[in-house]
Amino acid sequence: MSKKIDLVIAEDYLTPFGAVQNPRLSPELADYLSTEAYYYPDLSLEIRCPAAEQERLGQAISNTFEQKCVHLRGDMRPLRVQAMCLLAMSLVLVLISTTLNIEGTISLGMVTIVAWMMVWRSAEIVLLDLRAANRDIKKFQRIIHAPKQFI
């Protein structure tokens, strides 16, 4: 399914704090593009803007969403480390409890619950958090590479 996003660009489409040589979109416009492009695998941008601003706008779109991709990739690294550490700690906890021959029902139950909580959180990181970040990165890449038709 293809989605055509229609943009009418006014004067304030760039962030006011960005550098002139490295333009970025305003947060409102970036959020609009992000929400409009969410579920569509094929995108095309139909942009109405002054002819003098076309190249700068294309650069701003690429810069904004490339920065978002880099930020998400940076956020994913600690999550992967956290998931691996939690799995390793749960394995170590179970191995220590079996080595020490813990037999009481309360202490064995506590060790089991803590180990399962660690495994559960690591699965949650992998199945929910990292998948959502990957989905957003793919969405941002689709926006960056979407054909832009200037009117």
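Computed from a predicted model, the values in this text were never measured in an experiment.
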### Nearest heavy atoms of Glu53 and Cys49, plus distance in Å
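Closest approach of Glu53 to Cys49, heavy atoms only: C-SG, 4.4 Å.
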
### Query
If every non-hydrogen atom of Arg24 is compared with every non-hydrogen atom of Asn22, which pair is closest and at what distance?
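Closest approach of Arg24 to Asn22: NH2-ND2, 3.4 Å.
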
### Query
Is there a side-chain contact between Lys139 and Asp136 (heavy atoms, below 4.5 Å)?
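Touching, per the 4.5 Å side-chain cut-off.
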
### Query
Below 4.5 Å, heavy atoms only, C-beta onward: do Ile47 and Val8 meet side chain to side chain?
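The answer is no; the side chains never approach within 4.5 Å.
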
Is it the case that the side chain of [X] and the backbone of [Y] share a donor-acceptor pair, with hydrogens and angles ignored and the cut-off at 3.5 Å?
{"X": "Asn63", "Y": "Pro23", "answer": "yes"}
{"X": "Thr98", "Y": "Leu95", "answer": "yes"}
{"X": "Thr64", "Y": "Leu25", "answer": "yes"}
{"X": "Arg142", "Y": "Ala37", "answer": "yes"}
{"X": "Ser34", "Y": "Ala30", "answer": "no"}

### Query
When Ile, Leu, Val, Met, Phe, Trp and Tyr are grouped by side-chain heavy atoms lying under 4.5 Å apart, directly or through other members, which residues fall in the same group as Trp116?
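Other cluster members: Leu87, Val119.
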
#### Entry: Heavy-atom neighbours of Leu100 CG exceed 12 at 6.0 Å
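Atom CG in Leu100 is crowded, with more than 12 foreign heavy atoms closer than 6.0 Å.
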
List in chain and number order the residues that pass side-chain contact (heavy atoms from CB on, under 4.5 Å) with [X], two or more places apart in sequence or in another chain; answer none if no residue qualifies.
{"X": "Lys4", "answer": "Ser44, Glu46"}
{"X": "Glu55", "answer": "none"}
{"X": "Leu93", "answer": "Val111, Val114, Ala115"}

Expected list for residues 69-86: side-chain donor-acceptor pairs under 3.5 angstrom, two or more places apart:
residue : atom : partner : partner atom : Å
His71   : NE2  : Asp75   : OD2          : 3.3

### Query
Can you list every pair that meets salt bridge (charged side-chain N to carboxylate O under 4.0 Å, His left out) and has a residue in residues 104-131, with sequence neighbours left out?
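Sorted result for residues 104-131: Arg121-Glu124, Arg121-Asp129.
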
